[in-house]
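We count ligands from 1, going down the list as the structure has it; atoms in each ligand are counted the same way. The first residue in the sequence is number 1, and the count goes up from there.
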Amino acid sequence: MATVARRPFELLNIDALLDDEERAIQDTVRRFVDERIRPFIAEWFAAGHLPVADLAREMGGLGLLGMHLHGYGCAGTSAVAYGLACLELEAGDSGLRSLVSVQGSLAMYAIYRYGSEEQKQEWLPRMAAGTAIGCFGLTEPDAGSDPASMRTRARRDGTDWILDGTKMWITNGGVADVAVVWARTDDGIRGFLVPRGTPGFAVRDIEKKLSLRASVTSELSLDGVRLPQDAMLPGARSLAGPLSCLNEARFGIVFGALGAARDCLHTALDYASSREAFGRTLAGYQLTQRKVALMTANLSTGMLLALHLGRLKDRGSLDPAQISLGKLNNVRAALDIARECRTLLGANGIVLEYPVLRHANNLESVLTYEGTEEVHLLAVGQAVTGVSAFRG
Ligand code: TGC
Ligand code: FAD
């Protein structure tokens with residue numbers, strides 16, 4: 001017997017867990033993605049391109065940049081609303097969500113939380129409007145999971161600072177007006193604002209990526225970069241500074257990855273409902289139903305987890321180990337769903353006409369950045385055993 005098909009999130013009535021403002025923001029972002037991203041994303045991905053400046057202005061106009069921050073032109077929404085926006089953006093492409101994560105949760109948040117009033121006034125309103133782009137340089141060629149071993153150094157020269165080092169895999173690097181660069185000093189790890197064009201500061205975009213192709217990923221070189229004293233973020237001392245920014249971006253990924261997974265699952269369900277094999281649609285076979293039922297369970301429980309973490313964040317009680325659990329679970333779930341959906345599309349699953357393998361490829365990066373799966377396994381392991389297994 002045929003019944004009316006419900007979309008995976010409709011089955012658990014996830015909408016009932018949202019308030020009117022959250023639903024309105026989600027609808028607005030979904031419309032933006034449908035109109036401004038979906039028609040073009042396959043071409044951008046194929047070309048290894050994202051029109052960052054145009055999209056940033058449009059998303060700034062919608063209030064999506066630094067949207068959960070308050071003042072300085074930021075929208076000041078709830079954490080849940082920010083998460084839902086990430087979900088809808090990543091349903092378009094992880095590269096789009098990355099642009100917004102790095103701008104709002106990493107670069108703007110670093111300035112918002114640790115910057116002087118002058119630094120905030122100089123950068124945040126323009127970054128919220130999307131007329132200035134930021135990037136966040138923590139990772140180095142030889143220091144990714146273990147940023148405490150970074151080599152980039154800042155030394156004093158009179159009242160100035162001189163920075164030397166290399167940052168690697170930096171999202172938005174090649175298009176950034178300002179780079180938040182983390183460096184070792186005699187006073188521990190500190191953050192610096194490095195404007196584009198500063199002598200000695202060079203960027204090189206990383207080409208030939210197989211993942212996150214619709215995203216700018218760059219290497220930043222700092223060779224004797226001279227900065228005034230007021231380029232340093234006064235409030236950030238030690239690795240806790242950058243790591244606290246990562247909490248913000250990881251939170252967005254907990255929601256965002258589910259957007260990519262939802263897009264894959266919707267695509268696969270539509271496909272399975274019309275594609276026939278052996279005399280009936282794929283949707284009618286028990287093996288297909290096993291796949292879609294398990295994916296629906298995986299996606300829905302991921303969403304409940306994301307909303308729970310979002311509510312904790314809005315209450316001010318979300319801690320880093322909880323975010324690690326969310327990123328660990330939801331990115332793995334999303335990647336598994338994307339790969340399983342690929343099987344349902346058969347050969348059609350490998351072409352860019354359908355979004356599933358693009359999402360799956362992107363999710364390989366999402367699994368690695370903002371703390372690899374192993375880093376979050378170890379963080380959750382430490383939280384529940386009380387023993388740190390990070391170092392040998
Ligand atoms: P450890 O000794 O544990 O801690 C050093 C200091 O940091 C504090 N801390 C945290 N603070 C806030 N939030 C957290 N999540 C924190 N974790 C630790 C800690 O209390 C301590 O503070 P203090 O005051 O005593 O100095 O540090 P560790 O060296 O043992 O490393 C811990 C570890 C492995 C968890 C950390 O290094 C880590 O998270 N590694 C992963 C690195 C990472 O995620 N990199 C991401 C780079 S950015 C990026 O990928 C952007 S992609 C964006 C996109 O395109 O969407
Ligand atoms: P490594 O740290 O060398 O890890 C290699 C492998 O070893 C991984 O599987 C890892 O989990 C494992 N491993 C490491 N330590 C342990 C351990 N203790 N126990 C068990 N296994 C371990 N960084 C930024 O600073 N800013 C950005 O904007 C940014 N954007 C990025 C965009 C993209 C597309 C990508 C792919 C990366 C980006 N990154 C960025 C870098 C990203 O954060 C790092 O790649 C990530 O932190 C992992 O570092 P690594 O690549 O050096 O891998």
### Message
Run Arg153 and Leu163 through side chain to side chain contact (heavy atoms under 4.5 Å, CB included) and show every step you take.
### Response
CA-CA 6 Å; Arg153 212 177 156 78; Leu163 269 63; over 6 Å; no

### Summary
Protein neighbours of ligand 1 with a heavy atom under 4.0 Å, given by chain and number, are Arg97, Ser98, Ser101, Val102, Leu106, Thr139, Gly144, Ser145, Pro147, Ala148, Thr171, Ser238, Leu239, Ala240, Leu243, Ser244, Leu246, Asn247, Arg250, Pro320, Tyr369, Glu370, Gly371, Phe390, Arg391

### Task
Kindly indicate whether atom 7 (O) of ligand 2 is approached by any protein heavy atom to under 4.0 angstrom.
no

### Task
Indicate, as side chain, backbone, both or neither, the part of Thr372 found under 4.0 angstrom from ligand 2 when only non-hydrogen atoms are considered.
side chain

### Task
Using protein heavy atoms only, decide if any is under 4.0 Å from atom 26 (N) of ligand 2.
yes

### Task
Mark up the atoms of ligand 2 that fall under 4.0 Å of a heavy atom belonging to Thr171, in ascending order.
27 (C), 28 (O), 29 (C), 30 (N), 31 (C), 32 (C)

### Query
When you measure from atom 47 (O) of ligand 2 to each heavy atom in Ser98, Gly144, Pro141, which option holds the nearest one?
Gly144

### Query
Counting each atom of ligand 2 from 1 as listed, which ones have a heavy atom of Ser145 under 4.0 Å away?
1 (P), 2 (O), 4 (O), 14 (C), 48 (C), 49 (O)

### Query
Of all the non-hydrogen atoms in the protein, which one sits nearest to atom 9 (O) of ligand 2, and at what distance?
Glu374 OE1, 3.3 Å

### Nearest-neighbour protein heavy atom for atom 41 (C) of ligand 2, which is reported as residue plus atom name and distance
Thr139 OG1, 3.3 Å

### Query
Between Asp319 (side chain) and Gln322 (backbone), is there a donor-acceptor pair under 3.5 Å?
yes

### Atoms of ligand 2 close to Thr368 [distance to a heavy atom under 4.0 angstrom, numbered from 1]
45 (O), 46 (C)

### Message
I'd like to know if the side chain of Arg262 and the backbone of Leu299 have a donor-acceptor N/O pair within less than 3.5 Å.
### Response
no

### Message
For Trp44, does the six-membered ring have the charged nitrogen or CZ of Arg213 within the cation-pi criterion, i.e. under 6.0 angstrom from the centroid and within 45° of the normal?
### Response
no

### Query
Based purely on interatomic distance, does Trp169 place a nitrogen or oxygen under 3.5 Å from a nitrogen or oxygen of ligand 2?
yes

### Task
Describe, in one word, how the ring planes of His68 and Tyr82 are oriented to each other, choosing from parallel (under 30°), tilted (30 to 60°) and perpendicular (over 60°).
parallel

### Task
Please say whether Leu138 places an N or O atom under 3.5 Å from an N or O atom belonging to ligand 2.
yes

### Message
When you measure from atom 3 (O) of ligand 2 to the protein, is at least one non-hydrogen atom found at a distance under 4.0 Å?
### Response
no

#### Entry: Sole candidate of Arg184, Lys167, Arg151 that passes salt bridge (Lys or Arg N to Asp or Glu O under 4.0 Å) when paired with Glu140
Lys167

### atom 31 (C) of ligand 2 protein-contacted (non-hydrogen atom, under 4.0 angstrom)
yes

### Query
side chain to side chain contact (heavy atoms under 4.5 Å, CB included) between Phe192 and Trp182: does it pass, once the steps are laid out?
CA-CA 6 Å; Phe192 296 86; Trp182 300 94; over 6 Å; no

### Task
Below 4.0 angstrom from a heavy atom of Ile170, which ligand 2 atoms are there? Numbered from 1 as shown, please.
24 (C), 25 (O), 26 (N), 27 (C), 28 (O)

### With Asp263, the salt bridge (Lys or Arg N to Asp or Glu O under 4.0 Å) member among Arg30, Arg38, Arg7
Arg38

### Message
Using a 3.5 Å distance criterion without hydrogens, assess whether the side chain of Ser94 forms a donor-acceptor pair with backbone atoms of Glu90.
### Response
no

## Note on the structure
Honestly, for Leu378 the part within reach of ligand 2 (heavy atoms, under 4.0 Å) is side chain

### Within one Ile-Leu-Val-Met-Phe-Trp-Tyr cluster: Phe40 and Ile37, side-chain cutoff 4.5 Å
yes

### Task
Mind jotting down which residue pairs meet the ring pair (Phe, Tyr, Trp, His ring centres under 6.0 Å) criterion with at least one end in residues 342-374? Sequence neighbours excluded, please.
Tyr271-Tyr354

### Message
As a check for students: among Trp182, Tyr369, Phe390, Phe136, identify the option with a heavy atom nearest to atom 33 (C) of ligand 2.
### Response
Tyr369

### Heavy-atom closest contact (Leu325 atom, Leu305 atom, distance)
O-CD2, 4.4 Å

### Task
Could you tell me the residue and atom name of the protein heavy atom closest to atom 34 (C) of ligand 2, and the distance to it rounded to 0.1 Å?
Ser365 OG, 3.8 Å

### Message
I'd like to know if the side chain of Arg23 reaches the main chain of Leu18, judged simply by a donor and an acceptor atom lying under 3.5 Å from each other, with no hydrogens or angles considered.
### Response
yes

